[in-house]
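Atoms within each ligand, like the ligands themselves, are counted from 1 in listed order.
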Amino acid sequence: MGFPQRREFAVARKTKKLTKTELDRKRRMTWWHEARFGMFIHWGLYSLIGRHEWAVNQERIPWEEYFALADTFRPKAGCAREWAKLAKAAGQKYMVFTTRHHDGFSMWDSQVSECTSAKMGPGRDFVAEYVAAAREQGMRVGLYYSLIDWHHRDGLRCLHDPAARRRFLDYVQGQLRELMSNYGRIDILWYDVPYPLPDAAAWEMRKTNNMVRKLQPGIIINDRGMLAEDYTTPEETIRAAPEGRAWETAMTFNGSWGYMDTPDEDYRDARHILFMLQQIAYGGGNFLLNIGPAPDGSVPPPAVRRLTRIGKWLKIYGEAVYGRVDRGGGLEPLNNYVEWTRKGNTAYAWLRHWPGERMSVGYFKGKVKRVSLITPAGPKALKFRHDKQKLEMWPLPRTCPDKNIGYGIVKIECASRPQRTMVGHYAERPLWQ
Ligand code: JFZ
């Protein structure tokens with residue numbers, strides 16, 4: 001026979017065999033995609049300075065002075081539990097904690113370093129406290145680990161001196177082995193800043209990640225260790241990775257990862273966070289939103305207030321965010337106030353501005369089966385009329401039913417994939433007629 005039939009060809013493409021590596025990745029990433037929203041925590045000695053986590057470097061603070069801060073680092077007991085409870089209340093499903101940032105201060109009882117929270121001031125293993133608290137609240141557990149170490153004597157020398165490189169890699173690999181061995185199941189390893197070595201080979205990343213995966217078979221690893229691994233990490237920006245590639249936007253609340261006592265107005269507000277969550281979900285990404293706890297471990301009140309409101313909202317409207325949200329495409333925003341997420345044949349219209357008692361969405365395609373308004377009291381069926389021009393829905397209340405953040409959701413269930421795109425419509429009926 002000659003050419004395959006078109007239909008067969010389409011089917012063949014759909015069932016395209018994934019390689020074992022691709023299949024394993026898809027499996028281990030499922031919970032992560034469905035979780036969507038996580039809490040990033042930057043906390044360490046720099047929190048005591050309160051001027052961004054790079055203070056020691058940017059202000060050229062002498063190391064003796066910096067590590068002397070450890071003597072006054074006396075966080076309250078149970079602070080990690082506070083973070084985990086807050087994450088849960090915020091509707092976040094996983095957490096990522098800075099085990100060691102660039103300053104070289106390890107927040108656990110590391111045997112390969114003298115600069116640890118166990119050997120110095122606090123005398124505590126914060127990683128152990130964090131992991132226990134996260135688990136207790138049903139959170140997936142992520143560990144952030146900085147490859148760069150400003151303080152380690154070989155942290156820079158490793159670039160030109162092979163013996164120094166050997167010592168430094170032994171240290172990095174030793175620390176990772178501890179983190180992957182001593183705290184039970186770890187769900188995410190979040191590498192950061194692979195400086196100064198030039199490539200994955202110089203860092204021995206393949207060997208290191210093989211060790212990590214051997215110790216933690218289900219673990220998800222980000223892309224900041226100079227290998228692509230499981231997901232891409234745009235920062236302070238929402239930028240989808242190419243189709244088929246997982247991505248996660250990491251974002252500060254107020255411009256600093258480490259604790260800074262900035263005014264309330266400097267915090268991204270709850271409405272904006274929701275807008276970003278929608279944009280990210282539409283692009284098939286995840287959202288890792290940072291808090292920088294104060295030296296005593298407490299979370300700055302502006303962050304607590306916002307996270308609490310977001311969590312309250314997600315309790316009602318979470319189905320538009322969690323679970324098998326499809327990567328978007330084909331659902332264009334309506335002016336500047338209706339945006340979308342989609343799960344299979346169901347479109348969720350996110351209303352940032354309330355249209356009044358009737359809502360009209362032009363250019364909507366898809367066989368509409370049911371339309372409902374999601375409200376704090378549950379879903380309310382809406383009437384609808386759908387023709388070639390538009391989908392009309394009514395009766396809506398006069399104002400947004402969400403009094404918390406003022407963000408409403410209309411759920412549109414269809415028998416086929418919903419689409420809203422103006423392509424082709426210009427020809428059918430020009431906008432100016
Ligand atoms: C790094 C750190 O330097 C910073 O302190 C914080 O921990 C943050 C999460 O990560 O900063 C970066 C790293 C990578 C990029 C930008 C800032 N990047 O790829 O654009």
Side-chain angles (χ1 to χ4, degrees), residues 37-61 66 69 83 87 92 94-108 126-127 130 142-152 155-156 172 175-176 179 188-200 203 205 220-242 245-260 262 266-268 273 276 280 285-295 299-300 303:
F37 190 28
M39 173 182 274
F40 210 170
I41 301 150
H42 275 70
W43 195 58
L45 283 187
Y46 45 83
S47 310
L48 282 92
I49 298 175
R51 293 187 300 272
H52 195 282
E53 72 285 357
W54 275 58
V56 66
N57 170 288
Q58 295 292 295
E59 302 179 11
R60 311 315 284 167
I61 298 171
Y66 187 72
L69 289 169
W83 314 333
Q92 293 166 318
Y94 62 103
M95 302 168 79
V96 178
F97 175 69
T98 47
T99 62
R100 177 174 67 64
H101 205 261
H102 316 337
D103 62 0
F105 187 73
S106 297
M107 298 289 276
W108 77 98
F126 292 122
V127 170
Y130 154 75
L143 300 182
Y144 164 109
Y145 184 79
S146 167
L147 288 165
I148 189 178
D149 188 318
W150 293 323
H151 176 255
H152 193 285
L156 266 183
V172 165
Q175 290 215 307
L176 286 165
L179 291 171
I188 299 167
L189 174 56
W190 214 100
Y191 283 126
D192 202 11
V193 188
Y195 185 87
L197 299 177
D199 51 38
W203 280 104
M205 283 319 275
I220 292 171
I221 305 179
N222 78 348
D223 66 339
R224 292 195 182 181
M226 289 195 151
L227 291 175
E229 293 292 345
D230 296 323
Y231 66 101
T232 300
T233 53
E235 181 166 308
E236 294 286 46
T237 168
I238 297 169
R239 196 177 50 238
R245 172 77 179 161
W247 60 279
E248 172 189 70
T249 283
M251 183 90 59
T252 63
F253 243 126
N254 61 347
S256 176
W257 301 93
Y259 174 66
M260 261 184 106
T262 60
D266 282 0
Y267 278 73
R268 291 173 158 122
I273 301 281
M276 295 194 293
I280 289 167
N286 273 25
F287 191 9
L288 188 63
L289 180 58
N290 182 74
I291 57 166
V299 181

*asked:* Any atom of ligand 1 sitting under 4.0 Å from a heavy atom of His52?
replied: no
*In ligand 1, which numbered atoms sit nearer than 4.0 Å to a non-hydrogen atom of Glu53?*
4 (C), 5 (O), 6 (C)
_Could you check whether Trp43 and Tyr130 have their ring centres less than 6.0 Å apart?_
no
_Can you confirm whether or not the ring centre of His102 sits under 6.0 Å from the ring centre of Tyr195?_
no
*For the pair Thr99 (side chain) and Tyr144 (backbone), establish whether a donor and an acceptor sit closer than 3.5 Å, ignoring hydrogens and angles.*
yes
*From Asp192, Thr98, Thr233 - option closest to atom 1 (C) of ligand 1 by heavy atom*: Asp192
*Look at atom 3 (O) of ligand 1 and say which protein heavy atom is nearest, naming residue and atom and giving the distance to 0.1 Å.*
His102 NE2, 2.7 Å
*Could you list the atoms of ligand 1 found under 4.0 angstrom from a heavy atom of His42?*
6 (C), 7 (O), 9 (C)
*asked:* Any atom of ligand 1 sitting under 4.0 Å from a heavy atom of Arg224?
replied: yes
*Run through Tyr94, Phe253, Trp190 and flag the one making a ring-ring contact (aromatic ring centres under 6.0 Å, His included) with Phe40.*
Trp190
*asked:* Taking Glu236 first and then Arg268, would you say they form a salt bridge - that is, a charged N and a carboxylate O separated by under 4.0 Å?
replied: yes
*Option set Met251, His101, Glu236, Glu235, criterion heavy-atom distance to atom 11 (O) of ligand 1, minimum*: Glu235
*Relative to the ring of His101, is the ring of Trp150 parallel (under 30°), tilted (30 to 60°) or perpendicular (over 60°)?*
perpendicular
*His42 vs Trp257 aromatic rings, parallel, tilted or perpendicular, using cut-offs 30° and 60°?*
tilted
_Within-cut-off N or O pair, Trp257 and ligand 1, under 3.5 Å_ = no
_I'd like to check which ligand 1 atoms, numbered from 1 as shown, lie under 4.0 Å from a non-hydrogen atom of Tyr144._
7 (O)
*asked:* Quick check on contacts: which atoms of ligand 1 are under 4.0 angstrom from a heavy atom of Trp54?
replied: 2 (C), 3 (O), 4 (C), 5 (O)
